[in-house]
Protein chains: 2
Amino acid sequence: MNPRRPVTLDDVARRAGVSRSAASRVINNAPHVSKAKRDAVLRAVQDLGYVPNASARALATNQVGAVVLALSAEDPQVFAGPFFAEVIVGVTSVLEETDLELMVMLATSARGQTRLEQLLRTRQADGVMLMSMHGDDPIARLAEQSDVPVVFGGRPVNFEPRYYVDADNRGGARLATEHLVAIGRRRIATITGRMDEGAGTARYKGYQEALAVEGLDAGRVVHGDFTEDGGGRAMAELLARHPDLDAVFVASDQMAIGALRVLKDAGKSVPGDVAVVGFNDIATARHTAPPLTTISQPIQSLGHEMARMLLTLTSGETPSPLILPTRLVQRASTTSTVTACSA
Amino acid sequence: MNPRRPVTLDDVARRAGVSRSAASRVINNAPHVSKAKRDAVLRAVQDLGYVPNASARALATNQVGAVVLALSAEDPQVFAGPFFAEVIVGVTSVLEETDLELMVMLATSARGQTRLEQLLRTRQADGVMLMSMHGDDPIARLAEQSDVPVVFGGRPVNFEPRYYVDADNRGGARLATEHLVAIGRRRIATITGRMDEGAGTARYKGYQEALAVEGLDAGRVVHGDFTEDGGGRAMAELLARHPDLDAVFVASDQMAIGALRVLKDAGKSVPGDVAVVGFNDIATARHTAPPLTTISQPIQSLGHEMARMLLTLTSGETPSPLILPTRLVQRASTTSTVTACSA
DNA sequence: GCGGAAACTGGGAGCGCTTCCGGTCGAAGA
DNA sequence: TCTTCGACCGGAAGCGCTCCCAGTTTCCGC
């Protein structure tokens with residue numbers, strides 16, 4: 001209990017009357033140590049309150065003992081939403097079982113980008129979970145050929161990473177669009193997300209597919225940018241170009257909120273004149289007027305599965321990419337009399 | 001560019017034709033190295049793509065090169081909201097300027113708690129930012145007498161940490177209550193937060209103070225739990241016990257949303273019969289019916305200032321605690337005709 | 001030119017841990 | 001009883017870096 005000098009493995013060994021090697025073996029519960037000595041060491045660890053020095057261990061084993069969750073995006077505000085926090089909760093839930101630490105990098109400035117690059121090049125972490133928000137991120141390519149294990153969260157556009165977990169954006173969009181068809185709508189428009197993001201293109205594709213199956217026109221399209229204001233502008237444009245529309249699938253709840261406002265200002269009733277479906281199931285979606293039917297994706301699971309995948313990767317196995325199911329959450333923006341949830 | 005063996009300081013030194021010590025001095029730009037050698041080393045670093053090994057450096061300097069943001073709470077879902085993510089953005093914005101890494105610990109399970117304790121005892125980080133959500137957290141005391149620098153985010157109840165940054169919860173609550181008085185309300189109730197959290201007690205105190213100044217009755221009180229459902233229940237109870245109330249200050253937007261719902265179900269108009277003010281200015285507050293007047297606190301700044309304070313602490317200086325201002329955001333739940341924002 | 005301070009330089013000892021490797025010892029098989 | 005083979009053990013060599021220290025310049029001012 002010497003307050004100044006931290007207790008080292010040597011101290012433990014000395015007190016237990018064994019060699020440092022033996023003590024080390026006990027700590028890492030490696031074989032080849034008798035029960036007697038093992039107990040002695042364990043007791044000494046207890047008595048002294050020994051905790052291994054992570055840096056020293058890292059140096060000796062060439063393993064850092066930490067993984068990083070890296071978010072690469074231009075705008076730091078992207079992280080401010082609840083999305084990111086939930087991912088962390090999911091990641092932590094699995095890391096907690098191991099003794100890996102979690103480092104978080106928001107690679108938004110040039111400085112951050114550089115650091116992320118170095119990380120990838122020089123193995124300063126045992127693994128990386130990478131969520132790359134925008135399109136042609138050079139980091140993505142770099143990550144793919146790095147020799148530190150990398151799993152992607154979501155897929156960048158035009159790029160299929162080797163290991164990733166993603167939400168089923170396309171399937172979700174299909175679900176949303178099919179729902180609109182199911183409630184009798186036929187002139188279904190869409191406000192897409194940014195087309196330089198994977199989620200944007202995937203959701204657009206899902207919309208197209210669903211309408212193709214039904215033989216309906218998928219031409220009522222305006223591209224949005226995932227923001228509330230952008231959603232409003234897009235809705236206005238949609239209304240101008242396709243005044244006959246009776247439903248709109250909006251690729252994010254944020255945009256849907258903007259759209260709802262414009263719809264209201266235009267004197268359209270929701271869902272009477274126009275039914276609206278969003279995407280993401282953000283907290284606010286339950287409180288809009290009317291409450292927003294939307295597609296919910298399991299964000300926490302996404303974090304969870306990313307971490308799990310990274311772990312299997314570091315253990316030398318080869319995981320398969322994973323696509324997490326999304327589901328329709330039915331609220332009043334599509335059916336005034338809310339009924340049971342469809343799966 | 002040898003792909004297998006990572007390049008070390010020795011490699012750099014050898015290539016630059018200097019000693020390892022000299023190379024080290026250049027890397028850490030310490031004095032006592034001639035311009036010629038300095039340039040040679042720098043060139044070698046460039047050529048070889050050298051990046052110092054963090055573990056080795058940590059071991060040698062006895063400095064980890066990382067700080068941790070630790071959240072101690074019972075329920076992991078506490079972190080899922082946008083609050084936490086914003087703090088991280090703030091923290092990162094200052095850490096980015098240094099070369100400290102950020103580690104995140106969600107100490108929710110017993111395992112996590114233990115790890116946090118060890119961290120505090122054995123200096124596995126250069127500093128910690130601690131946000132302790134619930135009341136009598138033993139971690140808080142432990143942190144205070146740890147010899148690793150700790151700054152608190154928010155203040156636990158019954159406990160004034162040496163170094164902290166907190167939002168002005170009391171001042172905000174006073175602002176909210178004064179606003180209610182200013183618009184002519186006299187029978188002002190409150191739904192408090194959890195009284196085992198610092199924010200809960202502080203906001204309650206602010207409410208009391210404001211009414212005391214005006215000589216109004218501060219007895220219309222029901223304790224809530226910061227959840228939406230809890231807010232609803234509390235509102236119902238308030239209505240039952242004090243049917244004459246004409247305004248309510250609700251200690252969180254979540255609860256206010258629940259309260260709004262109950263008010264509506266009870267046939268009360270807002271703000272006609274009852275004016276409502278919330279706290280936090282969550283995203284949803286802009287979209288409730290009616291939109292919610294609330295107190296906004298600068299969460300990102302909170303992260304920013306915590307990190308800054310930690311930095312000054314590690315540099316050996318002694319910072320003063322910091323209380324960040326909150327402000328009133330006026331919306332339709334208190335004034336049907338929305339006017340300018342008060343400061 | 002000379003003394004001495006000041007600026008440089010590289011050797012080497014660690015930081016605390018893991019891990020290879022050769023050695024010991026007890027017991028099982030002959 | 002004598003080998004043989006494990007299991008067990010401790011010495012020692014690092015992992016890559018920093019930093020002290022003693023030695024070697026260099027460069028003034030006289």
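The sequence lines fix the lettering, A, B, ..., with proteins before strands; numbering per chain opens at 1.
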Nucleotide nearest R57(B) when distance is taken to its side chain, options dT18(D), dC17(C), dC8(C): dT18(D)
Closest listed nucleotide, where the reference is the side chain of T8(A) and the choices are dA7(C), dG16(D), dC17(C): dC17(C)
Tell me the interatomic distance from L59(A), atom CG, to dG14(C), atom P, rounded to whole angstroms. 17 Å
Nucleotide N/O to protein N/O under 3.5 Å, stretch nucleotides 20-27 of chain C:
none

Find out whether V68(A) and E101(B) are in side-chain contact, i.e. whether some heavy atom of one side chain is under 4.5 Å from a heavy atom of the other. no
When you measure from the side-chain N and O atoms of K37(B) to the phosphate of dG10(C), is any distance below 4.0 Å, counting only OP1 and OP2? yes
Looking only at the side chain of H32(B) (C-beta and beyond, no hydrogens), which of the listed nucleotides dG16(D), dT9(C), dT19(C) gets closest? dT9(C)
Please determine if a side-chain N or O atom of N53(B) lies less than 4.0 Å away from the OP1 or OP2 oxygen of dC15(D). no
Hey, does the side chain of R123(B) reach the backbone of D147(B) with a donor-acceptor pair shorter than 3.5 angstrom? yes
So, is S55(A) close to the dC15(C) phosphate, meaning a side-chain N or O under 4.0 Å from OP1 or OP2? no
Salt bridge check: are R15(B) and D11(B) linked by an N-O gap of less than 4.0 Å? no
A60(A) has a side chain; which of dC9(D), dC17(C), dG10(C) sits nearest to it? dC17(C)
With the side chain defined as heavy atoms from C-beta on, V33(B) is closest, among dT18(D), dT9(C), dG10(C), to dT9(C)
In the structure I gave you, are the side-chain heavy atoms of M131(A) and F83(A) within less than 4.5 Å of one another anywhere? yes
Side chain of A56(A) - closest among dG16(C), dA7(D), dT9(C): dG16(C)
Just to be sure I understand the rule, does P31(A) reach a base, reach only the sugar-phosphate, or reach nothing, if contact means heavy atoms closer than 4.0 Å? nothing
At less than 4.0 Å, is any side-chain N or O atom of S19(A) found next to OP1 or OP2 of dG10(D)? Yes or no. yes
Check: T314(B)/D126(B) side-chain N/O donor and acceptor closer than 3.5 Å: no
